[in-house]
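Read through the structure below, which is laid out as structure tokens, and then see the notes.
Just so you know, residue 1 is the first one in the sequence shown, and it goes up from there.
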Amino acid sequence: MNPSQMDKRKKGSAKELRLMVVGSSGPSQFQLTNAIMGKEVFSMDLTSISASVKNKGELSGRPVGVVNGPNMYDKDITHVKWRMELRRSKCLCIPGPHAFLIAFDIEKISPNDMKTPWLLKKCFGANCLKHCMVLFAYEGNLDGASLENRVKKTEWYLRELIEKYGGRFHVFKKDWRDRSQDKELLRKIELMVASLGGGHFSCRTFQMAEDSVRKEEKRLRKQRAVVIERTWNEMEQQYMSEELCFQKDVYIANVRAEIQAKAELDNGWLRTSLARGLGIGLVVGAVIGAIFGSIEGVGGMVLFGFIGGAVGGSAGGTAQVAIKHMENRVTPPARLNFNSIFINRFFAVPRT
């Protein structure tokens with residue numbers, strides 16, 4: 001990396017790296033996020049999260065966005081919830097991650113860990129493995145070079161694991177306060193991204209996620225058009241010339257970031273996933289109710305099946321009503337003047 005590139009990075013002009021951190025089980029992926037962010041985003045003893053989350057920060061001066069979802073073999077949430085959070089993690093990482101970082105504890109490799117490449121391909125597509133790097137977490141004052149040598153030459157199962165990811169790996173300390181490992185980790189990630197042409201990973205579901213987020217952003221912009229126009233007009237009364245332009249830019253940037261964050265966490269694609277999950281609850285509830293009712297004969301099957309279906313269906317129906325309400329709650333302003341039209345155009349988000 002030449003000096004001019006380093007200068008650009010110091011000025012904050014470097015492109016943000018989107019990183020999706022994935023764990024099989026346990027705390028490794030959360031410890032890795034702490035190490036990347038240089039702070040305790042997740043408590044050290046955390047082993048599971050119920051909802052996907054994105055954090056922004058810097059890794060050795062490079063802007064990064066780090067997305068965490070529930071562990072791939074998480075027993076604390078239902079399969080339906082896990083699939084919904086898989087979708088949400090994709091929405092948080094649109095238009096796609098530059099790298100998948102697969103975190104393991106170097107001392108606790110399990111049979112499930114060895115199967116993660118298969119599950120990753122199932123979730124993201126076969127080509128995702130080209131964008132993956134294995135991250136081994138270790139504890140204490142061990143020597144990183146000797147650990148890398150152990151992975152490459154001593155432990156056959158570690159070597160077999162990284163070979164499934166093209167041989168790309170890195171070891172990191174669980175102590176996020178140690179920043180000595182940042183530069184080498186970033187170098188390896190950038191090298192992998194560069195070897196793939198410098199772009200990000202994408203697939204059909206990431207494209208669906210991006211389309212849904214952009215659609216939701218448009219809906220939210222329409223919802224807030226009147227407030228934005230009023231604030232815009234108030235600024236024109238308070239500020240003049242360059243100060244006015246500055247205040248408008250700050251306001252627009254804040255609103256755009258807020259709208260994007262809301263759209264990534266809640267959009268039509270995610271609401272559809274929720275409705276389907278609750279719809280399954282209706283069917284399962286009816287079947288289970290019928291099974292219990294069979295003890296009482298045909299009449300019991302009908303009665304308990306109805307009760308079970310009603311319980312599941314009430315949840316599904318509530319979700320559908322809520323979704324319908326959310327879709328219809330936006331009423332476009334009856335009249336749009338030049339200012340509001342300009343604002344809407346200003347908010348148009350180009351695809352990256």
Side-chain angles (χ1 to χ4, degrees), residues 8-21 33-34 36-39 41-42 49 51-59 61-69 85 87-99 200 202 206-236 238-239 242-271 326 329-330 332-333 336 339-352:
K8 285 183 179 179
R9 175 172 299 175
K10 289 177 182 178
K11 293 176 183 177
S13 59
K15 181 180 179 182
E16 180 186 76
L17 272 177
R18 292 184 298 275
L19 307 175
M20 183 169 283
V21 177
T33 297
N34 290 346
I36 293 172
M37 301 300 294
K39 59 183 178 181
V41 177
F42 300 105
I49 57 174
S52 300
V53 62
K54 177 168 68 174
N55 290 283
K56 288 181 175 286
E58 287 189 354
L59 176 63
R62 177 77 183 263
V64 292
V66 184
V67 174
N68 292 82
E85 291 308 319
R87 284 192 175 191
R88 196 188 307 276
S89 69
K90 292 177 180 179
C91 292
L92 290 169
C93 207
I94 60 170
H98 292 98
H200 61 271
S202 188
F206 271 108
Q207 292 165 3
M208 291 172 64
E210 183 178 12
D211 290 344
S212 186
V213 169
R214 300 306 180 210
K215 183 178 179 181
E216 184 70 12
E217 286 176 343
K218 184 177 180 180
R219 189 182 75 82
L220 291 172
R221 287 196 297 272
K222 288 182 178 179
Q223 184 183 46
R224 295 187 61 171
V226 173
V227 174
I228 293 170
E229 182 181 358
R230 184 170 62 246
T231 304
W232 197 278
N233 290 332
E234 289 173 356
M235 286 181 177
E236 290 178 342
Q238 296 177 26
Y239 305 104
E242 293 183 2
E243 180 66 15
L244 175 61
C245 292
F246 173 76
Q247 292 295 336
K248 283 185 174 181
D249 286 345
V250 171
Y251 175 69
I252 290 298
N254 289 336
V255 173
R256 181 181 289 164
E258 181 185 341
I259 286 175
Q260 180 181 345
K262 286 185 177 181
E264 288 174 349
L265 289 171
D266 180 25
N267 54 66
W269 197 44
L270 297 176
R271 292 193 287 268
M326 294 172 79
R329 65 185 175 184
V330 179
L336 290 176
N339 212 11
S340 60
I341 292 174
F342 173 76
I343 291 171
N344 284 335
R345 287 182 179 176
F346 186 91
F347 276 138
V349 179
R351 291 178 181 270
T352 57

### Query
Sequence neighbours excluded, which residues qualify as side-chain contact (heavy atoms from CB on, under 4.5 Å) partners of S52?
P70, E85, R88, S89, L92
### Query
In chain order, what residues pass the side-chain contact (heavy atoms from CB on, under 4.5 Å) check against E242, with sequence neighbours excluded?
none
Does the distance from a Lys or Arg side-chain N to an Asp or Glu carboxylate O, for [X] and [Y], drop under 4.0 Å?
X: K262; Y: E258; answer: yes
X: K56; Y: E16; answer: yes
X: E216; Y: R271; answer: yes

### All salt bridge (charged side-chain N to carboxylate O under 4.0 Å, His left out) counterparts of K39, not counting sequence neighbours
none
### Query
Quick one: salt bridge (charged side-chain N to carboxylate O under 4.0 Å, His left out) partners of E243, sequence neighbours excluded?
none
### Query
Considering residues at least two apart in sequence or located in another chain, which fulfil the side-chain hydrogen bond (donor to acceptor under 3.5 Å, both in side chains) criterion with S202?
none
### Contacts of N34 that satisfy side-chain hydrogen bond (donor to acceptor under 3.5 Å, both in side chains) - sequence neighbours left out
none
### Query
Is the shortest heavy-atom distance from the side chain of K90 to the side chain of W269 under 4.5 Å?
yes
Working to the nearest 0.5 Å, report the span between [atom1] of [X] and [atom2] of [Y].
X: R230; Y: R224; atom1: CZ; atom2: CZ; answer: 11.0 Å
X: L265; Y: C91; atom1: CG; atom2: SG; answer: 9.0 Å
X: N68; Y: N55; atom1: CG; atom2: CG; answer: 7.0 Å
X: L59; Y: L17; atom1: CG; atom2: CG; answer: 8.0 Å
X: Q247; Y: I252; atom1: CD; atom2: CD1; answer: 12.0 Å

Any side-chain to backbone donor/acceptor pair from [X] onto [Y]? Under 3.5 Å, distance only.
X: S212; Y: N267; value: no
X: T231; Y: V227; value: yes
X: H98; Y: H200; value: no

Identify the two heavy atoms, one from [X] and one from [Y], that lie closest to each other, and give their separation to 0.1 Å.
X: G96; Y: R18; value: O-NE, 2.7 Å
X: V66; Y: M37; value: CG2-SD, 4.0 Å
X: L220; Y: A263; value: CD1-N, 4.2 Å
X: F206; Y: P95; value: CB-O, 3.8 Å
X: R87; Y: L270; value: CB-CD2, 3.6 Å

### Message
Between Q238 and E234, is the side-chain hydrogen bond (donor to acceptor under 3.5 Å, both in side chains) condition met? List the steps.
### Response
CA-CA 6 Å; Q238 296 177 26; E234 289 173 356; 5.0 Å; no
### Task
Apply salt bridge (charged side-chain N to carboxylate O under 4.0 Å, His left out) to the pair E217 and R256, showing each step before the final yes or no.
CA-CA 9 Å; E217 286 176 343; R256 181 181 289 164; over 6 Å; no
#### Entry: side-chain contact (heavy atoms from CB on, under 4.5 Å) between I228 and V255, worked out
CA-CA 9 Å; I228 293 170; V255 173; 4.1 Å; yes
#### Entry: Step-by-step side-chain contact (heavy atoms from CB on, under 4.5 Å) determination, F42 to V53
CA-CA 11 Å; F42 300 105; V53 62; 3.6 Å; yes
